[in-house]
Structures are given as structure tokens and as C-alpha cells.
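Here's the structure we're looking at; comments come further down.
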Amino acid sequence: MDLGEGLRKAIAKLSGATIIDAKTIREFNKELQRALISSDVELALVTSFTKEIENAALKDKLPAGISPKEYITNMVYEKLVQLMGEDYVPEIKPKRILLMGIYGSGKTTTAGKLAKYYQDRGLGAGVICCDVSRPAAYEQLETVAKQAGVGFFGMKGTSDVKEIVKKGIEEFRSKKVIICDSSGRSGMDGVMINELREINKAFVPDEKFLVINADIGQVAGRQAREFGVAVGIDGVIVTKMDGSGRGGGALSAVNESGAKVAFIGTGEKLADIELYDSKKFVGRLLGMPDIESLINKVNEAAKSVGVKEISDVNELNFDMFYQQLKAMSKMGPMKNVLGMMGLADVPKEMVEGGESKLKVYESIIGSMTKEERNDEKLVREQGRIRRIAKGSGRTEKEVRGLLSDFNRMKKLAGLMKNDRAFKKNFSKFSGMK
Ligand code: GDP
Ligand code: MG
């Protein structure tokens, strides 16, 4: 079973579920674990992956307007993106690229596609044929290069890859991007490993890509390991995404090598190459081509309205506090997302209590004078606490509770301010500018 199929099966378990309870999550996680394990995903990763989902899913209430299936799919999506990478942005600069992979994975085709990709962006490109194991390899790459309008270099009648690379680099002195196509065989063997090592030494690639076919599934993990041990892998290229395969093997390859997916092959023609895009790729893996609209929907549910960013902690006043609290109570169920962004310790009491607490605070703040709303220190005076409590029909204890939450928020805002990465994510996530 391909990973995507397993994931979709797990998600299908949630169809019809109206609440997220321990039993639903356990059943879902069992499927999820099965899918990940059968795709050779490391056991430790499987455990942490499913544990995190369980914790997050059980901790919080479901946001209004979202089904358990949508909510958990979004969660799995977020986790997969964390693992697979968000997107790939190639540097448009002179470089040497080595393509590796087993026979038929799409290396030669990809060599032509990549050469054209860079040449179209102003970097003259050339391809070197280092596939010395297949007689027709030379002609195939030569044809591809001609179609792409890029340089071609190869040497017939020799299997000395070192020599080929050396001469190729000389030939392509004026080229900015040089791509080396290697032998593929049906599996790794000693000869192939030696050949790759020699190419690696002579070519000194800036980027080493493992090319895998979208329908290979779990064996991708083993391939990544073997090629990784031989010469190392900087990135993965998944070809034939236009076919029936969904690229599930990429997860195993990425997990095994630590390299991210870079390009996607979407057809036999030279123009059929795309940059890896997490929404498209992971969405497809999950069997949800419109994952973007789901993410938007979930984010929308958590989005805050009219919240102003606190640029100076000392500026925080009760009006802003109320707005923030309102936003946070909406985000409550999304705490897992906050956790992922590095803020695991949002005070629980602040996001709990929801609507009823908001009402209490609203009335208390409504009984404050303008000066009091802008100066929290004033409110600490016992006489004012008594007056505000009376005016709002609340207890003094509730007024003190508001004060302590206010100060907690102040502390939190201070923490947020000092963590740029968190702040960036938080702004993006909450819709605050
Ligand atoms: P190599 O043995 O790794 O060099 O693989 P090739 O580049 O020769 O490709 C093997 C076959 O897969 C060829 O028939 C290609 O046309 C085909 N191919 C390569 N990439 C893609 C792709 O992204 N989509 C489709 N549909 N076919 C592809
Ligand atoms: Mg080839």
C-alpha cells in the first residue's frame, strides 16, 4: 500500500465523526501508524507524529463550523509540511547538478528539463552523459539536449566517468549550469556505487538530487539510504506525478535522507517540471487537491478580527487586552498550531473559559473610566476594585482575576516581541499585521 493511500484510509475513518474523542483518535492513529510504518517511516517519527496529533486533537474543542475530519486532516497536513518542507526556491546562479536514481526513474528526462529550466532563466546550460552502462543512453540524452537547446557532452566507447566529467567540464567552460546524468541500473551495486563516487569526486556537484518515480512507495526510503551513503543527497525530485502515483515514497526518502523535495516532474515534455509546492504535493498525498481551501477554512475559524499588534508591551491597555482575549478564545482550539510555532505554554486559563469569561471581562472593562482602561496600575487600588466590581455587577475576585490575566498577557506579549520567528508566524497565522 502506498503511503498516500494509507493516509487517505486513515482520514476516511473520520468521515461521519461529529466529535473528536479518544476512541475516534485512537482508531485514526492506528491507521495512520500502519500507513507510516508500511512506508518505512522511522518508528520514532511515527510515534511522535501520531502522539502529537493525539495530544493536540484531544486537548482542544473543535472550532465552530469545522468537522473532525477537516480539523485532523489539516493537522496531518501541517505535520507533513513540517517534515517535507514548505516549498523549494532554487537559487538562480551558476551551479553543477548531479542526478542519481535507479533505472527508469526519469533522470535523463529530468536532466533536459532542468537544463532548460535554468537556461530559460538566463543561465546557459549543458548536460553531460555519465550513463556508461546503457548503450542508448548517449543518444537519448543527446536528443533531449537538442530539443531543450542546451549543450551536450558525452564520450562513446569509454566507461571512465572521471574522464568524461573532466572533459565535459572543459567543454562547458562557458556554461553556467552543468548537469550530470548518471547510470541507473535496476538497483544499487558495487560498480554503480564506485561510479557515482568517482563522478562525485570529479564533478564536485553543488546539488545532488535523487530522482524517484511517484509510484515507487516505500522502496524510496531504501534508495535514499543507499544513495545517501554512497555520495549524499541534497534534494529529491519526484517524477511522473502526472501518472497514478501520488509521490508517497517522497516522505520516506525525505525522512531517510533529511533532504527536501525540490522539483516535480509532471509529464514527458521538457516543460513539464514544477517547483515543489507543499500545498499541491501534500494535498495530493492526502487525496485532497483543494487542501488550500481547507487550510483557509481552518485558519478563518481561528482568525482574529480587529486585533492590533502590541508593538510595545507597556502600551497594552484593557481595550487591547479584551480584543486579544477575544481573538485568543477563538484560537483556543488551534492551540496545537500555536504549539507548533514554539509557544507551547499559552496560559491555559487564558484560552479556556471562552465566552462566559469574555462576558465578565467585557462588563468589568465597561465599568472602568477611560484613565483606568489605559493605566492598569490605577485599577490595582483597592477602592477602585470595589467600585468597578459594584458598577459591573461582578465580584472583586473577578476584577482581580482580570488583572492577573492582563498581566499574564503582558508577559506573553513581551515574550512574543522577543521572538521574531514566533512573531512572524503568529502574525501570519492570526491575521494580525
Ligand atoms: P532514467 O532511466 O532514469 O534516465 O529515466 P528516463 O528519463 O529515461 O525516463 C524513463 C521514462 O519515463 C521515459 O519514457 C520518460 O519519457 C518517462 N518520464 C520521465 N519523467 C516523466 C514524467 O514526469 N512524467 C511522465 N509521464 N513520464 C516521464
Ligand atoms: Mg537515463
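Start at 1 and go down the list; that is how both ligands and their atoms are numbered. Because only heavy atoms are used, hydrogens play no part in the values below, and waters and symmetry mates are left out as well, while side chains stay in.
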Short N or O distance, [X] and ligand 1, threshold 3.5 Å exclusive:
X: Lys107; result: yes
X: Glu268; result: yes
X: Thr108; result: yes
X: Met241; result: no

Could a heavy atom of [X] be found less than 4.0 Å from some atom of ligand 1?
X: Gly267; answer: yes
X: Ser105; answer: yes
X: Gly101; answer: no

query: Does the Thr239 side chain pair with the main chain of Ser105, one donor and one acceptor, at a distance under 3.5 Å?
result: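 Side chain of Thr239 to backbone of Ser105, a donor-acceptor pair under 3.5 Å: yes, one is there.
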message: Taking 4.0 angstrom as the limit and counting only heavy atoms of Gly265, give me the atoms of ligand 1 inside it, by number and element.
response: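 Answer for ligand 1: 23 (O).
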Please write down residue, atom name and distance for the protein heavy atom closest to [atom].
atom: atom 2 (O) of ligand 1; value: Gly104 N, 2.7 Å
atom: atom 19 (C) of ligand 1; value: Thr109 OG1, 3.5 Å
atom: atom 5 (O) of ligand 1; value: Gly106 N, 3.0 Å
atom: atom 24 (N) of ligand 1; value: Asp242 OD1, 2.8 Å

Under a 4.0 Å N-O cut-off, is there an ion pair linking [X] with [Y]?
X: Glu139; Y: Lys156; result: yes
X: Glu195; Y: Lys162; result: no
X: Lys260; Y: Glu86; result: no
X: Lys30; Y: Glu27; result: no
X: Glu163; Y: Lys167; result: yes

task: Check each of Ile237, Asp181, Ile199, Ile233 against Met100 using the side-chain contact (heavy atoms from CB on, under 4.5 Å) test, and report the only one that passes.
output: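 In the set Ile237, Asp181, Ile199, Ile233, the residue that makes a side-chain contact (heavy atoms from CB on, under 4.5 Å) with Met100 is Ile233.
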task: Decide, counting backbone as well as side-chain atoms, whether Thr108 has an N, O or S atom less than 2.8 Å from the Mg ion (ligand 2).
output: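 Checking the Mg ion (ligand 2) against Thr108, an N, O or S atom does fall under 2.8 Å.
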query: Side chains of Asp21 and Thr24: do they bring a donor and an acceptor to under 3.5 Å?
result: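 Their side chains do contain a donor-acceptor pair, which is all the 3.5 Å distance test asks for.
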Tell me the contacting part of [X] for ligand 1: side chain, backbone, both, or neither, using a 4.0 Å heavy-atom threshold, strictly below.
X: Asp272; result: neither
X: Gln140; result: side chain
X: Lys113; result: side chain

message: Looking at Phe28, I'd like to know if the NZ or CZ of Lys13 sits under 6.0 Å from its six-membered ring centre while staying within 45 degrees of the ring's axis.
response: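 Verdict for Phe28: no cation-pi partner in Lys13.
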message: Given Tyr88, which partner from the list Tyr276, Phe281, Phe263 fulfils the ring pair (Phe, Tyr, Trp, His ring centres under 6.0 Å) test?
response: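 For Tyr88, the ring pair (Phe, Tyr, Trp, His ring centres under 6.0 Å) test succeeds with only one of Tyr276, Phe281, Phe263, which is Phe263.
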task: First locate atom CZ of Arg34, then atom OG1 of Thr50, and finally report the distance between them rounded to the nearest 0.5 Å.
output: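 Arg34 CZ to Thr50 OG1: 13.0 Å, rounded to 0.5 Å.
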field: Option set Glu274, Lys240, Met100, criterion heavy-atom distance to atom 11 (C) of ligand 1, minimum
entry: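 It is Lys240 that holds the nearest heavy atom.
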